[in-house]
There are 2 protein chains.
Amino acid sequence: MKKIDILKKLRSSRLRPTKQRVEIAKFLFEREKTFHFTVESLNKLLIKKLASKIALATIYNTVHAFKTAGHLSEVEVRGNKTYFDTNVSNHHHFYDSENAELIDIDANDIVIQKIPKAPNGKKIKNVEVFINLKN
Amino acid sequence: MKKIDILKKLRSSRLRPTKQRVEIAKFLFEREKTFHFTVESLNKLLIKKLASKIALATIYNTVHAFKTAGHLSEVEVRGNKTYFDTNVSNHHHFYDSENAELIDIDANDIVIQKIPKAPNGKKIKNVEVFINLKN
DNA sequence: TTTTCACTTTAGAATAATTATAAACTAGAA
DNA sequence: TTCTAGTTTATAATTATTCTAAAGTGAAAA
Ligand SMILES: [Mn+2]
Ligand SMILES: [Mn+2]
Ligand SMILES: [Zn+2]
Ligand SMILES: [Zn+2]
């Protein structure tokens with residue numbers, strides 16, 4: 001993803017391309033593979049990468065703005081920190097608790113044969129499969 | 001589950017059956033259906049139910065002791081609070097975000113046909129399926 | 001039974017993650 | 001250029017949880 005696309009992505013979701021947002025967006029989206037992170041881990045990586053530091057509050061604001069805009073998804077992982085994911089398509093995860101690392105599983109790599117029907121007038125919104133790993 | 005069983009359960013896991021532990025255990029385990037809760041919700045219910053109040057730290061201590069002993073499991077739910085579950089068998093969940101309510105799915109009610117192999121020397125510990133509901 | 005003491009409870013302090021506040025700054029429309 | 005709504009920032013506040021250390025207690029041993 002090029003810088004011009006970053007600007008397009010921000011503008012298309014009515015997010016002013018400020019210096020901070022562009023830097024965070026470049027860091028998150030200019031990569032080939034999915035990136036899973038917490039605000040804390042992102043902050044550390046941004047400090048290493050960038051000359052000027054971005055306020056932690058801005059990182060929280062930006063990550064939430066990106067999530068709201070649909071550019072990031074949130075992944076449920078055991079623990080107290082919130083994990084985010086640059087892969088916003090429907091997919092699943094391995095979780096390697098040893099390394100506190102999430103690994104993507106393509107939606108097509110898991111086929112569910114039997115599923116219960118949703119209770120009392122509810123519908124199924126989505127199905128998330130979480131595979132815990134051990135050594 | 002009767003009181004005698006509660007005492008047995010505590011003693012068998014080398015947990016002294018103190019007044020507080022017995023009261024919490026009776027509240028959690030003397031019921032027919034699975035009970036999903038957070039420490040906050042449990043605390044509120046205990047305040048209503050019991051004459052004398054149990055310190056919040058004791059509720060944290062006790063819930064963790066029960067979890068360590070295998071009498072409770074932890075469920076991953078979107079949000080910042082930790083959810084616990086009196087159902088310690090391998091099973092899955094519906095999540096009704098409207099009511100912030102978990103609903104059990106028996107392990108046999110979900111059959112997975114195709115699953116990817118675990119990465120690089122890792123093994124699969126367990127598979128958790130989480131079905132989000134909508135109206 | 002009493003004594004003893006490791007285990008437990010408790011109030012309150014501490015920590016960690018996240019959100020709120022409000023003043024200073026800035027992108028970009030006019 | 002000017003203007004202003006949107007944004008950033010340092011810092012305070014909030015929330016969930018864990019820590020601390022003093023007081024209390026279950027139950028083994030005397
Ligand atoms: Mn979590
Ligand atoms: Mn959670
Ligand atoms: Zn992912
Ligand atoms: Zn359950």
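Just so you know, these numbers come straight off a predicted model, no measurement behind them. Protein chains get the first letters and strands the later ones, always in sequence-line order, with residue 1 at the start of each.
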Please walk me through it: do A:Phe130 and A:Tyr95 pass ring pair (Phe, Tyr, Trp, His ring centres under 6.0 Å)? CA-CA 7 Å; A:Phe130 195 77; A:Tyr95 183 64; 5.8 Å; yes
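Across all non-hydrogen atoms, the minimal contact from B:Arg78 to A:Glu74 is NH1-O, 2.8 Å.
The phosphate of D:dA27 (OP1 or OP2) has a side-chain N or O of B:Arg11 nearer than 4.0 angstrom. An OP1 or OP2 oxygen of D:dT18 is reached within less than 4.0 angstrom by no side-chain nitrogen or oxygen of B:Tyr60. Put simply, A:Gln20 has no side-chain N or O that comes within less than 4.0 Å of OP1 or OP2 on C:dT26. Dashed line: the shortest gap from a side-chain N or O of B:Arg16 to OP1 or OP2 of D:dT25 is not under 4.0 Å. Using a 4.0 Å cut-off, no side-chain N or O of A:Thr82 falls inside it from OP1 or OP2 of C:dA17.
Between B:Leu56 and B:Lys19, the residue anchored closer to the 5' end of DNA chain D is B:Leu56, taking for each the nucleotide with the nearest heavy atom. DNA chain D is contacted by both B:Leu15 and B:Glu40; B:Glu40 maps to the nucleotide lying nearer its 5′ end (nearest heavy atom per residue).
Nearest nucleotide to the B:Ile54 side chain, out of C:dT18, C:dT10, D:dT9: C:dT10. Among the nucleotides C:dA17, C:dT9, D:dA16, the one closest to any side-chain atom of B:Lys81 is D:dA16.
In this structure, CG of B:Asn61 is placed 13 Å from P of C:dA11, rounded to the nearest angstrom. Nucleotide C:dC7 holds its C1' atom 19 Å from the NE2 atom of B:His64, rounded to whole Å.
B:Phe29 and B:Phe35 have their aromatic ring centers separated by at least 6.0 angstrom.
Residues B:Lys53 and B:Leu46 are not in side-chain contact: their nearest non-hydrogen atoms beyond the backbone lie 4.5 Å or more apart.
Nucleic acid contact for A:Thr18: sugar-phosphate only, since backbone atoms but no base atoms lie under 4.0 Å from a heavy atom of the residue.
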